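Keep in mind that this is a model prediction, so the values were computed, not measured. In the text below, chain A, chain B and the rest are named by the order of the sequence lines, each starting its count at 1. Computation of the quantities below employed the complete heavy-atom set of this structure, encompassing side-chain atoms and omitting hydrogens, waters and symmetry-equivalent molecules.
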Amino acid sequence: MPEPIALHLLLPRVPDIELVAIEGLEKLAHHLGLAAQKVGEAKLIVAEAVTNALEHAGGDRPSVRVEFTVTTDEICIFVQDNGNGFDPAGVQDPELTGKLHAPSKRGWGLKIMKSLSDDFRIESGAQGTTIIIRKLLS
Amino acid sequence: MPEPIALHLLLPRVPDIELVAIEGLEKLAHHLGLAAQKVGEAKLIVAEAVTNALEHAGGDRPSVRVEFTVTTDEICIFVQDNGNGFDPAGVQDPELTGKLHAPSKRGWGLKIMKSLSDDFRIESGAQGTTIIIRKLLS
Amino acid sequence: MDQVFSLQSEARDGCVIITTMGYINNVGGEAIAAECRTYFAGGVKNVILNLGQSKVVNSIGMSYIIEVLEQVQELGGRLVFTNLDGPVEKMLAIMGLFTFAGKEATVADALAVCAREAVDQGRK
Amino acid sequence: MDQVFSLQSEARDGCVIITTMGYINNVGGEAIAAECRTYFAGGVKNVILNLGQSKVVNSIGMSYIIEVLEQVQELGGRLVFTNLDGPVEKMLAIMGLFTFAGKEATVADALAVCAREAVDQGRK
Ligand SMILES: Nc1ncnc2c1ncn2[C@@H]1O[C@H](COP(=O)(O)OP(=O)(O)O)[C@@H](O)[C@H]1O
Ligand SMILES: Nc1ncnc2c1ncn2[C@@H]1O[C@H](COP(=O)(O)OP(=O)(O)O)[C@@H](O)[C@H]1O
């Protein structure tokens, strides 16, 4: 097993702050020489996960924990917020035909994260939401 | 007192990873509308501090903790490594005339950090080195 | 690093060509939709969206593109994406966008497609 | 974001003009020093270093610039910095570099300074 490289961030709610996490992942990936397509997909997962987490992070001190653990075999992404949580089972799968002409065209984040990852886990409760994603590189 | 915004990072030893911290500071500064000159100086401090910390971070798991706490009044920079430490009092102040024609032209980091900051503290021991810097914005 | 969002636009042959740079989130998506509205008001009904320099986008940004698609459909025009980076292309496919919108390698290809359709519509 | 380092170089009027882009750390500094050595070997003895697009540098990168200064001095030439971003200028001042190296607003200004010095040296 190759030795994993880890990068941890605790992000405040500031515009575009998710790009800092994405840039961090890029540096790890570049160092390990990972394939651009897989890394690009992982970056899109991070954009979705961190955007959601920042939107729902709560209290006086909204903050989002992001952790990457990367080897040449896989990228693990951990994103945790301190919001009020939600019931993932209650979220409907979006369909484009349903979104066209609908007032809100949003609701794609979870579907995109699931579709782009090899393993997607979500834990949500009154203390916040944690998503844990694995993306295999081969 | 304006509410401070905090960003925390735990960086692995990967080329150019200090740019991730610098980019994070940029996002906070941009959000708060801080003056470019002061922010630029703070970025140079971060480049020096993180480069040193990564160079000396130790053990099987070299890692460097970086924390920014920013308000419209000041930027606080905290950088901690898990290296073997050193005696700051034993470091000579560099002079350009002494570096010209010398085999090593390095040794400027501490001087630059001190010169660009309003408050510079360093604590170093067998468990590692911590520097804490304040940069006033007015 | 994927820099701050910006866009350029240009009308050609009844199409507006929008070229984006950098990260497309809600702010970038809203800017694209606003730019399109201006051209629609001026009589344009086809949109060519060159996302080649936007390697990171989020789904909130893309929800504004659904709005553009909706408007293009109402006008009887077309939305064509060009120069897509692989991961973004995969994301748009997941959203089902290529069922209703086109995808071409380059802006020139997209212009050719729009010109051909204009001819076809003229024949009917 | 301050992107990965790159440089461009060009010889003009006995000067090499080096324009850097992005972060200058040990890798970038070493690249600048290597580029200068090539031009020195070709007979150039003045260096104009345009750092306008390098807003972040570190002192290890700048230690390679001290090496360039040393070599320029041995050749009887000049090192002139141009287009400096305020914070980088302050850092170079802290290092005392402007005691031995020049600083001009633009590359054109630096070329004029070098040309004037060449005339002065010719008169001696
Ligand atoms: N981290 C989170 N905390 C609380 N609720 C969340 C979180 N992530 C997603 N949700 C809920 O799930 C819904 C669907 O999320 P998503 O698929 O990302 O689309 P969108 O955020 O655009 O609505 C959201 O509208 C929200 O109600
Ligand atoms: N974080 C650190 N851990 C251990 N030693 C350090 C650390 N930072 C600085 N030093 C010591 O102080 C010296 C001076 O550091 P600095 O002024 O940054 O210049 P340089 O790193 O180029 O030598 C270093 O050579 C090193 O011996």
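- Heavy-atom contacts from other residues, nucleotides or ligands closer than 6.0 Å to NE2 of B:H30 number 12 or fewer.
- For residues 93-108 of chain B, heavy-atom neighbours of chain D at less than 4.5 Å comprise B:L96, B:T97, B:K99, B:L100, B:H101, B:A102, B:K105, B:R106, B:W108, sorted by residue number.
- With a 4.5 Å cut-off on non-hydrogen atoms, D:N58 touches chain B through its backbone and its side chain both.
- Few gaps surround CG on D:N26; more than 12 heavy atoms of other groups in view lie less than 6.0 Å from it.
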Practice task
Begin from the C-alpha positions of D:V56 and B:E18 and carry the test side chain to side chain contact (heavy atoms under 4.5 Å, CB included) through to its verdict.
Solution key: CA-CA 11 Å; D:V56 182; B:E18 60 270 32; over 6 Å; no
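- A distance of 6.0 Å separates NZ of D:K90 from CG of B:L116, quoted to the nearest 0.5 Å.
- Of all residues spanning residues 93-108 of chain D, those with a heavy atom less than 4.5 Å away from chain B's heavy atoms are D:I94, D:M95, D:G96, D:L97, D:F100, arranged by number.
- Smallest separation of non-hydrogen atoms from B:E48 and D:V57: OE2-O, 4.4 Å.
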Practice task
Walk me through it: do D:N25 and B:T51 pass the test side chain to side chain contact (heavy atoms under 4.5 Å, CB included)?
Solution key: CA-CA 9 Å; D:N25 62 3; B:T51 302; over 6 Å; no
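- When all heavy atoms of B:G109 and D:S59 are compared, the closest pair comes out as N-OG, 3.6 Å.
- Proximity to chain D (any heavy atom under 4.5 Å) is shown, for B:Q37, by both the backbone and the side chain.
- A 4.5 Å side-chain heavy-atom check between B:I112 and D:M62 finds every atom pair outside the cut-off.
- Taking a 6.0 Å sphere around CD of B:Q127, one finds it holds 12 or fewer heavy atoms contributed by other residues, nucleotides or ligands.
- The environment of B:R65 atom CZ is sparse: at most 12 non-hydrogen atoms of other residues, nucleotides or ligands sit within 6.0 angstrom.
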